[in-house]
Structure formats: C-alpha cells, structure tokens
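Below: one structure, written as structure tokens.
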There are 2 protein chains.
Amino acid sequence: MSTPDRLIESTRELLWERGYVGTSPRAIQQRAGAGQGSMYHHFSGKPDLALAAIGRTAGEMRAGVEEILSGPGTAAERVSAYLRREREVLRGCPIGRLTQDPEVMADPMLRGPVEETFAWLRDRLAAVLAEGRERGETGAGLDPAATASAVVAVLQGGYVLARAAASPEPFHQAVDGLLALLSRS
Amino acid sequence: MSTPDRLIESTRELLWERGYVGTSPRAIQQRAGAGQGSMYHHFSGKPDLALAAIGRTAGEMRAGVEEILSGPGTAAERVSAYLRREREVLRGCPIGRLTQDPEVMADPMLRGPVEETFAWLRDRLAAVLAEGRERGETGAGLDPAATASAVVAVLQGGYVLARAAASPEPFHQAVDGLLALLSRS
DNA sequence: GTCTATACGCGGATAGAC
DNA sequence: GTCTATCCGCGTATAGAC
C-alpha cells in the first residue's frame with residue numbers, strides 16, 4: 001500500500017475508534033508508519049485527511065448496502081437481510097459516530113458526506129419498502145419513509161445500546177424486536 | 001448556585017456538547033466562572049468532575065422517565081407518551097453520547113452510570129410492555145425485552161439521524177414509524 | 001476557598017535540509 | 001518524498017501564597 005493509502009487507512013481506523021476530536025496527526029502517522037513531513041507532503045492537514053477517510057468509508061458503506069438492497073428476494077427479505085447483516089457491533093457505525101463530533105458537524109466539508117450517506121440510506125430503504133407495498137407483499141398501510149427511518153434508527157441506536165452494555169446482545173434484541181413488528185405488518 | 005454546583009453544571013453542558021475527550025478543565029472553569037485553583041480545590045480532576053456530572057444527568061433522566069412510565073394510562077399509552085415526549089432532538093441524548101467516548105468507556109467509574117442507566121431503562125420499558133401484554137391490552141405475541149430494546153434504539157438512533165440531517169425531522173419520522181408498527185400489534 | 005506561578009508533554013503545523 | 005528542527009498554545013495538573 002502506498003504511503004497516502006496507509007495514512008488514509010489509519011485515519012479511518014482512528015476516526016472510528018476515537019472520533020475526530022480524539023484523533024491526532026501524530027497518532028495517524030504512527031499507525032501508518034509515516035513521518036511528520038511525509039504526512040504533510042501528501043495532505044494539507046488533519047481535515048484533509050479526515051475528508052479522504054470519511055469519503056472512502058462512506059463509499060464502501062453505500063456499496064455494501066446497495067449490494068444487499070438490490071439483491072434477490074422480496075422487499076421484506078432484503079430489509080431483513082440488511083438488518084441481520086454481520087456487523088462489528090461493538091465498534092459501532094463509522095459514519096454514525098461522526099454525528100457526535102462537534103468539529104465534524106461544524107465543518108461543511110466533513111459534514112457533507114455524513115449527511116448524504118444517511119439521506120441516501122433512508123431513501124434507498126424507503127424505495128425498497130414502497131416497492132414491496134406496491135407489489136402487495138407487505139406493510140399495506142405503512143409509510144415507507146417513516147418505516148425506513150425506524151429501520152436505520154434501530155441500527156444506529158442498537159450500537160449505542162450495545163456499547164453501553166459492552167455486549168452485542170441489546171443490538172440483536174432491538175433488531176429482533178423491530179423485525180417481529182415488521183413481520184406482522 | 002455554589003461554586004461546586006456551577007462547575008458540575010458546566011461540566012454537564014460540555015459533556016453533552018463536546019463529549020469527554022472534547023472537554024477541557026479550562027473550558028469547564030471558564031463556563032462556570034471559576035478559577036483553576038477553585039476547581040482543583042473542590043474536585044480532584046477531570047474524571048472526578050465528570051463522574052459528578054454524569055451521575056446528576058443520569059439521575060434526572062431516570063426520574064423523568066419514571067414519571068411517565070409510572071403515570072396513568074395503558075401500557076401502550078405510556079410507551080407512546082415516552083416516545084413522543086418533548087426533546088431537544090438536535091442536542092442528542094446526554095447519556096447516549098458518552099457511549100461513543102473511548103475514555104469514558106475505558107474507565108469503569110465513568111462507564112458504570114451509563115451502563116446502569118440503559119439497563120434500567122430497557123428493563124423498565126420491558127416491564128411496562130409485559131404488563132400491557134398480561135392485561136391483554138396489546139402485543140400478544142411480542143417479546144417485551146426485544147420490543148423495549150427496539151424502542152430505546154429508535155430514540156437513540158433517531159438522534160443520530162437528526163444530527164446527520166441537521167433537522168429533527170428524521171427523529172420524528174423514526175418514532176412515527178415505530179409507533180405505527182406498534183399500534184398494529 | 002481562591003489566586004497566581006510553574007511545569008511538561010501533546011496538538012497541529014511550518015521550514016528547510018537531504 | 002521523507003526527515004529533523006522548531007514553534008506556539010493548550011491540556012492537565014501541582015505548589016504555594018493570600
């Protein structure tokens with residue numbers, strides 16, 4: 001991997017683990033095995049690196065979600081597959097966690113990808129749910145947008161519960177609880 | 001308000017806005033209008049202050065929730081009232097946000113109240129849901145613990161969506177989506 | 001109780017040599 | 001491209017005077 005790539009990857013990990021405020025250029029360099037001068041040669045500073053890291057993470061996330069949601073199966077099956085997808089629950093969501101970072105939210109450059117990713121995700125899920133409803137598969141009286149937001153919220157909130165409990169269990173409980181409700185509609 | 005009280009209050013606000021890692025003793029002192037020496041006279045340091053602040057926030061939160069959940073109405077009405085309760089959506093949950101802070105999670109003293117608060121909340125909601133089920137009011141085939149986790153997760157995740165969108169709308173959408181599902185069960 | 005002085009390392013970067 | 005030197009202010013205290 002090239003030095004810029006290693007720097008971006010190490011920034012991605014640190015942003016995930018410690019957030020933007022908790023991540024220092026020093027720590028990025030050390031984890032990447034790169035020197036001070038090298039880092040500032042390839043990137044203009046911490047915000048620039050963070051932008052590259054967030055963009056890459058957001059892109060991967062979208063691709064992964066799209067693969068499931070555009071895959072085979074009924075709408076309910078695909079939403080269910082998305083909810084039950086394997087996750088590193090205790091690490092939380094690398095994009096969602098940025099939402100808690102005041103410096104990320106204050107910078108339009110950094111905030112943009114976060115906002116877009118969630119807007120896209122909710123829209124995409126709503127489209128799948130609307131499709132299922134039109135086909136008469138499920139959820140006759142449900143508002144696709146509201147249901148989609150609930151689905152995403154259960155995941156994001158599930159991470160919070162899991163970290164609070166230091167256990168993945170509440171995450172899976174929350175998903176099961178939502179899935180039980182969805183399956184009756 | 002006494003100086004220690006002002007210090008605790010200012011720590012509470014800063015923890016809410018900026019998290020533990022993003023909150024400095026200096027900032028606490030300035031917001032409280034207290035000097036360096038004064039702060040270290042009353043508290044042993046940042047962790048000590050944070051402990052007092054988190055304890056106070058957790059206590060208030062439990063009291064507020066308990067008032068709604070032990071109030072009048074059917075189980076479904078009380079859960080609904082809890083979900084629809086007025087909230088400063090864009091500020092997020094002052095306890096939930098601590099979950100993202102590696103230094104809070106790494107310190108058992110600070111972590112304790114966070115863990116307990118969510119454990120209590122899920123239990124308390126599950127008890128209300130179980131009560132409703134026994135009375136035949138609602139949710140005949142639902143697992144109270146799973147449903148309770150989903151309820152809490154929707155709130156915590158709703159905050160994430162709202163902050164990502166810089167708008168309370170997705171929070172309320174998620175709550176509506178969950179409530180619609182609950183009302184059919 | 002509160003203030004001021006002092007300390008030491010880190011955060012975040014720039015400059016210039018190699 | 002990468003390294004080392006240097007900078008300045010902040011983070012997080014401790015010490016001791018008032």
Side-chain angles (χ1 to χ4, degrees), chain A residues 1-56 97-98 100-111, chain B residues 1-56 97-98 100-111:
Chain A
M1 216 168 22
S2 70
T3 296
D5 259 346
R6 287 199 325 274
L7 285 164
I8 292 174
E9 287 305 309
S10 102
T11 303
R12 293 216 295 162
E13 291 170 18
L14 284 162
L15 286 181
W16 197 354
E17 290 166 21
R18 310 193 36 86
Y20 185 81
V21 168
T23 295
S24 67
R26 264 172 132 75
I28 292 171
Q29 293 149 208
Q30 282 169 1
R31 193 174 288 218
Q36 194 94 326
S38 186
M39 190 194 106
Y40 282 103
H41 174 75
H42 294 289
F43 298 92
S44 72
K46 180 173 156 175
D48 190 26
L49 258 165
L51 185 60
I54 294 172
R56 189 176 284 190
R97 90 101 67 215
L98 298 173
Q100 302 298 323
D101 215 302
E103 304 199 6
V104 170
M105 292 296 104
D107 181 340
M109 287 294 221
L110 299 181
R111 184 211 171 66
Chain B
M1 218 170 17
S2 69
T3 296
D5 260 345
R6 288 201 323 277
L7 285 163
I8 291 174
E9 288 305 309
S10 102
T11 304
R12 293 217 292 163
E13 291 171 17
L14 284 163
L15 286 181
W16 197 355
E17 291 166 22
R18 309 193 36 85
Y20 185 81
V21 166
T23 295
S24 68
R26 260 171 135 76
I28 292 170
Q29 292 149 210
Q30 282 169 359
R31 192 173 290 217
Q36 193 95 324
S38 186
M39 189 195 108
Y40 283 103
H41 174 74
H42 294 290
F43 298 91
S44 70
K46 180 172 156 175
D48 192 24
L49 258 165
L51 185 60
I54 294 172
R56 190 176 284 189
R97 88 103 67 215
L98 299 173
Q100 302 298 326
D101 214 303
E103 304 200 6
V104 170
M105 291 296 104
D107 181 339
M109 287 292 222
L110 299 180
R111 186 210 170 67

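Just so it is clear, the values below take in all heavy atoms, side chains as well, and ignore hydrogens, waters and symmetry mates. As the structure is a prediction and not an experimental result, all values here were calculated from the model. Just so it is clear: chains get the letters A, B, ... in the order the sequence lines come, proteins before strands, and each one is counted from 1.
Chain B approaches DNA chain D within less than 4.0 angstrom (heavy atoms of the protein), and the contacting nucleotides run 5' to 3' from dG11(D) to dT14(D).
Counting any heavy atom pair closer than 4.0 Å across all strands shown, Ser44(A) reaches no nucleic acid atom. Counting non-hydrogen atoms under 4.0 angstrom, Thr23(B) reaches the backbone sugars and phosphates but no base.
Arg97(A) CZ to Glu17(A) CD: the interatomic distance, rounded to the nearest 0.5 Å, is 9.5 Å. To the nearest 0.5 Å, atoms CD (Glu9(B)) and CE (Met1(B)) are separated by 5.5 Å. Atoms CE and CD1, on Met109(A) and Ile54(A) in that order, are 11.5 Å from each other to the nearest 0.5 Å. Annotation: the span from Lys46(A) atom NZ to Met39(A) atom CE amounts to 9.5 Å, rounded to 0.5 Å.
Within residues 24-38 of chain B, the residues having any heavy atom under 4.0 Å from DNA chain C are, by residue number, Gly35(B), Gly37(B), Ser38(B).
When the options Val21(A), Leu15(A), Leu98(A) are evaluated for a side chain to side chain contact (heavy atoms under 4.5 Å, CB included) with Val104(A), the one that passes is Leu98(A).
Spacing between atom CG of Leu14(A) and atom P of dG12(C) amounts to 12 Å, rounded to whole angstrom units. Taking atom OH on Tyr40(B) and atom P on dA7(C), their separation rounds to 17 Å, with Å as the unit. The separation between Leu49(A) atom CG and dG12(C) atom C1' is 12 Å, rounded to whole Å.
A donor-acceptor contact shorter than 3.5 Å is absent between the side chain of Thr11(B) and the backbone of Leu49(B). Using modelled atom types, no side-chain atom of Thr23(A) and backbone atom of Arg18(A) make a donor-acceptor pair closer than 3.5 Å.
For Arg26(A), there are no salt bridge (charged side-chain N to carboxylate O under 4.0 Å, His left out) partners at least two apart in sequence or on another chain.
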